[in-house]
Every structure is written in structure tokens, then in C-alpha cells.
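Inspection log for the structure reproduced underneath, given as C-alpha cells.
Below, all heavy atoms of this structure are taken into account, side chains as well, without hydrogens, waters or symmetry copies. Along the sequence shown, the residues carry numbers beginning at 1.
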Amino acid sequence: MIRKINCRGNFHSIPEEMADSKAKDAPAKGKEAAAKMSERDQLAARDKLKRGKPRNYNLGNGVYRFSRARMYHKKAIYKFIGKKTPKTIKPKKAAFKEKPIGGEKNGGTRKVLIKKRKNYYPTADRIRKRPSKKLFSQHKHKLRKSITPGRVCIVLAGPHKGKRVVFLKQLKSGLLLVTGPFKVNACPLRRINQIHVIATSTVMPKIESVKIPEHINDDYFKRIRQKRAKKEEGDIFSTKKEAYKPSDQRKQDQVTVDKQILSIIRSHPDKKMLFSYLGSMFGLRSGHYPHKLKF
């Protein structure tokens, strides 16, 4: 007999055979628990992979990627505020109908399904045709009130960030068509999103006289991507990617548009100031706050 103390401090005796059997079963139970835990961890990892990452996640210290105001617009909550739709209660259709039964001891009536159940159910669901949503080409692209043709804008993103460019027109995709001009600040004709632009108070006069070629549209700026060549014998690092080179058509269009804008700048009374303003880069120094600046 083995004497043991329980939680209350009292002694109680256990036979030696029972103590040995418990000691033998303990490692086996521990292994089983470890195997179960590993399976649970694997299932949890799979669930995480399936779920993916939410678009508004915690960056750390309770700071989220998007603010409440940004998520308000992203989720389009403003469409549902104050909107009340009355509940439409549909009348329930009867699933059964009563039929009389002959005989005194058969209950008199019985319930029969109106719509009989199928005898055969397909293993896969049939693909149903759904009406297509409004395509991107049919979207209405609004333009900020401060951005008008001939307005000088500051580029905030991309390879030309910090440069001052002249806004020409809005393309069908909603992107802005801008130019440097190229001779002044080396910014060519290019498309840019209006969220990456600050509109200044400087406006080019007589911008309506500038004639932009009709073929300059969204398709004009699309890059022609060549298909990958099949693997050839030899060194894989010997073949290098071809650098982008503007076509002769692009160069000609740049000259025709810039020539008209440069003539407008030269006719301006403060032409020296305009040339230096367009050629200079925008940047913030110590003590400069963007919300206090007047652009």
C-alpha cells in the first residue's frame, strides 16, 4: 500500500498495482494529446489561409490601415443611412393537401405533398446565368472642381513626383492627361490619377487654343508586351529585358503639344517666372506644413 496526501491534507492509501498502472498510462495519454494538438494547429493554419487578409487590418498599437471616414466611403455606407424599406410578407403556400381515405378505421383523411420530391438529385449544381454588372467603361468618372484645363498641378507619386505639370484634359478612363512640358522639366505626355495630384492656383491662359491630336487616348498609352520566348540552351542571365524606348509617333506628338504650350508661356507677361516655376521641384522643408500652404 502507498500512502498519499489529498488536497485537504488527509492521508489516503492506494494499492501498489493501481499506482503502477496509472504511471504507465500517463506517457501514452500525453502522446495522444500532443498528436491531437498538432492536428488542431494544422486545421487552424488551413482556416487562416482560406480566410485571407481583410482590407482594413491593424497596423499595430490599435492603428488601422484605413480610417473610419475612409471605410465609410469604401463600404458606401452613405447609401444606406436613413433608408427604410418596408418588410414584404409573402403569403405562405400550403405544402400539403388533405385527401379522404375510405374505410371506418383508417382515420378518414391523410396529408399528401402538393409538390412531390425529386427521385434524382444531381451531384453538382447547375451553373446559372446571371446579369452582368455595370462595366468599368460605363462608369461615370468625376473630376475634382479645382482641376481645370490649363491648371498647373504638382505630381505626388511616380517617377516624376515633385514636378509641376500642365493639365490638358481628362481621358475616358478618368485619368488626367498632363505634360511638363518636356523641354522645361523632362515630364512627357502621360496619364496620372487625380488622387496623386495637387491643383495649384496657377492657370495657363488661352489653353483652349491648344489642339491635342485625337489619337491620344487610353489605348495610345498601353504598352505592347511581348510574349516570353521559349527556354533556350545557354546562360539564362545573358538575355536582358529590353528597356522602354518611346516610338517616333510619341516623340512627334510630344513636340506638337509642347510647341503650343511653350508659345502660350512665352506670350505671358511673367514668362521668366513661369519657366522657373515649372522647372523647379516641389518639396517641404522644416517648418513647412502642407495644410497651411497656399498652392
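Under the 4.5 Å side-chain heavy-atom criterion for ILVMFWY residues, no single connected hydrophobic cluster contains both L176 and V210. Hydrophobic clustering, with ILVMFWY side chains joined whenever heavy atoms are under 4.5 angstrom apart, groups V184 together with V152.
When all heavy atoms are compared, the tightest approach of S173 to D218 is OG-OD1, 2.8 Å. Residues K142 and Q194 share a closest heavy-atom pair of O-NE2, 2.8 Å. Between Q254 and F182 the shortest heavy-atom distance is NE2-CB, 3.7 Å. In terms of heavy atoms, V203 sits closest to P149 at CG1-O, 4.3 Å. A pairwise comparison of heavy atoms in L278 and G180 identifies CD2-O, 4.1 Å as the closest pair.
Both cation-pi conditions hold for R164 and Y277: the charged atom is under 6.0 angstrom from the six-membered ring centre and inside a 45 degree cone around its axis. Annotation: cation-pi pair R250/Y220 present, NZ/CZ under 6.0 Å from the ring centroid and within 45° of its normal.
Among pairs with a residue in residues 59-75, none fulfils side chain to side chain donor-acceptor pair (under 3.5 Å), at least two apart in sequence or across chains.
Checking side-chain atoms of N106 against main-chain N and O of G108 turns up no donor-acceptor pair under 3.5 Å. Not one N or O on the side chain of N185 forms a donor-acceptor pair closer than 3.5 Å with the backbone of K163.
Taking Ile, Leu, Val, Met, Phe, Trp and Tyr as members and joining any whose side-chain heavy atoms lie under 4.5 Å apart, directly or through other members, V112 forms no hydrophobic cluster with any other residue. Apart from L156 itself, the hydrophobic cluster it occupies contains I154, I198, F282, L284, L293, F295, where clustering links Ile, Leu, Val, Met, Phe, Trp and Tyr at side-chain heavy-atom distances under 4.5 Å.
Note that CG of L177 is 6.5 Å distant from NZ of K169, once rounded to the nearest 0.5 Å. To the nearest 0.5 Å, the span separating CZ on R144 from CD on Q170 amounts to 11.0 Å. To the nearest 0.5 Å, atoms CD1 (I261) and NZ (K183) are separated by 13.0 Å. Here the straight-line distance linking atom CD of Q260 with atom NZ of K211 works out to 8.0 Å at 0.5 Å rounding. Rounded to the nearest 0.5 angstrom, L189 CG and D258 CG are separated by 6.5 Å. If you take OG1 on T179 and CG on L168, they are separated by 6.0 Å, rounding to the nearest 0.5 Å.
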Does the pair K271 and L274 meet the rule for a side-chain contact (heavy atoms from CB on, under 4.5 Å), with working shown? CA-CA 5 Å; K271 58 183 177 181; L274 266 176; 5.5 Å; no
side-chain hydrogen bond (donor to acceptor under 3.5 Å, both in side chains) between T148 and R151, intermediate numbers included: CA-CA 6 Å; T148 52; R151 180 121 5 218; 3.3 Å; yes
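For the residue pair S247 and Q252, no side-chain donor N or O sits within less than 3.5 Å of a side-chain acceptor on the partner. Between the side chains of D253 and Q249, at least one donor N or O sits under 3.5 Å from an acceptor N or O.
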